[in-house]
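Counting starts at 1 for both ligands and their atoms, in listed order. We count residues from 1, following the sequence as given.
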Amino acid sequence: MLREPVACIVDPHAGGMSGHTGRYEKRLSDLGELYANLQAHTALVAQLGDPVVYAVEDFRPGSHGGDLNFGTTRMSPGRVDQEFFLTRGHIHAKADRPEIYYGQSGHGLLQMESPDGQTRIVEITPQTMCYVPPFWIHRSINIGRTDLVMVFAYPSDSGQDYRIIEMSNGMRNRVVSHGDGWKLVDNTSYKPRTAEDVAALMKDYV
Ligand SMILES: O=P(O)(O)OC[C@H]1O[C@H](O)[C@H](O)[C@@H](O)[C@@H]1O
Ligand SMILES: [Fe+2]
């Protein structure tokens, strides 16, 4: 079926996109299990009145394999104890599907983890294009003092699998504040995936 072309206008500061077909947002209280310090999380939810901490506006033309979903993510600045505000993170349900992120405003990191537990960090500032290759678990982190806004695009049939992070009790590393910047520390609850888990993730694609 022939589709009509679409133009969507991205607001690089407010983080929205005109013409979006979907929108979703997460409040701080939705994200308690992401952070090491549960008490600090509970206290901050009460202190701030449970704000929306990230919002996604996207355009989804359908779920055809050759098609493309795209949109904007806006993330608030902030920290739970030493940890910066972050997204839940996922691997694509069709794990060989990639993604690109394009920085619009603010200062962030993309934290990526391979199935066998290697961490990679890409720093995002305006005009940074980050390529998330197939098979990498990915999450965004706002390490700045202002909103972080990014544009993203990924194949329409990718899907998001959030369980992979739940099953390993988070990602291998946590990004914590360090002086004016950040550093990686070990997530002491992390349960590495077994060689069988890794093989199962890749088996449909090799
Ligand atoms: O899906 P989350 O891990 O909550 O992250 C929030 C959003 O981040 C990116 O923008 C992805 O491309 C979106 O598909 C995702 O929904
Ligand atoms: Fe993704």
>> Could you check whether atom NZ of Lys94 has more than 12 heavy atoms from other residues, nucleotides or ligands sitting under 6.0 Å from it?
In response: no
> Starting from atom 7 (C) of ligand 1, which protein heavy atom do you reach first, and at what distance in Å?
Replying inline: Val56 CG2, 3.7 Å
> Can you list the ligand 1 atoms lying under 4.0 Å from a non-hydrogen atom of Tyr154?
Replying inline: 12 (O), 14 (O)
> When you measure from atom 14 (O) of ligand 1 to each heavy atom in Glu25, Gln160, Arg88, Met75, which option holds the nearest one?
Replying inline: Gln160
>> Checking a contact table here: which protein heavy atom is nearest atom 1 (O) of ligand 1, and how many Å away?
In response: Tyr162 OH, 2.6 Å
>> Considering non-hydrogen atoms of the protein only, which is the closest contact for atom 6 (C) of ligand 1, and what is the distance?
In response: Tyr24 OH, 3.3 Å
>> Regarding His178 and Gln82, do their side chains bring together a donor and an acceptor under 3.5 Å, going by distance alone?
In response: no
>> I'd like to know if Asp147 pairs up with Arg74 as an ion pair, taking the criterion as any Lys NZ or Arg NE/NH1/NH2 lying under 4.0 Å from an Asp or Glu carboxylate oxygen.
In response: yes
>> To check your reading of the model: name the closest protein heavy atom to atom 3 (O) of ligand 1, its residue, and the distance in Å.
In response: Gly89 N, 2.8 Å
> Of the protein's non-hydrogen atoms, which lies at the shortest distance from atom 9 (C) of ligand 1, and what is that distance?
Replying inline: Tyr101 OH, 3.4 Å
> Of all the non-hydrogen atoms in the protein, which one sits nearest to atom 10 (O) of ligand 1, and at what distance?
Replying inline: Thr73 OG1, 2.5 Å
>> Just so I know, are the side chains of Ile100 and Cys130 near enough to count as touching, which here means a heavy-atom distance under 4.5 Å?
In response: no
> Which of these, Arg74, Glu99, Arg139, Met150, has its nearest heavy atom closest to atom 12 (O) of ligand 1?
Replying inline: Glu99
>> Are the side chains of Tyr24 and Tyr54 in contact, using a 4.5 Å heavy-atom criterion?
In response: yes
> How is the N/O/S atom of Glu99 that comes nearest to the Fe ion (ligand 2) named?
Replying inline: OE1
>> For Arg172, is there an ion pair with Glu113 - N to carboxylate O distance below 4.0 angstrom?
In response: no
> Tyr205 vs Phe135 aromatic rings, parallel, tilted or perpendicular, using cut-offs 30° and 60°?
Replying inline: perpendicular
> By atom name, which N, O or S atom belonging to His90 lies closest to the Fe ion (ligand 2)?
Replying inline: NE2
> Does the pair Val56 and Phe152 meet the rule for a side chain to side chain contact (heavy atoms under 4.5 Å, CB included), with working shown?
Replying inline: CA-CA 10 Å; Val56 176; Phe152 61 82; 3.7 Å; yes
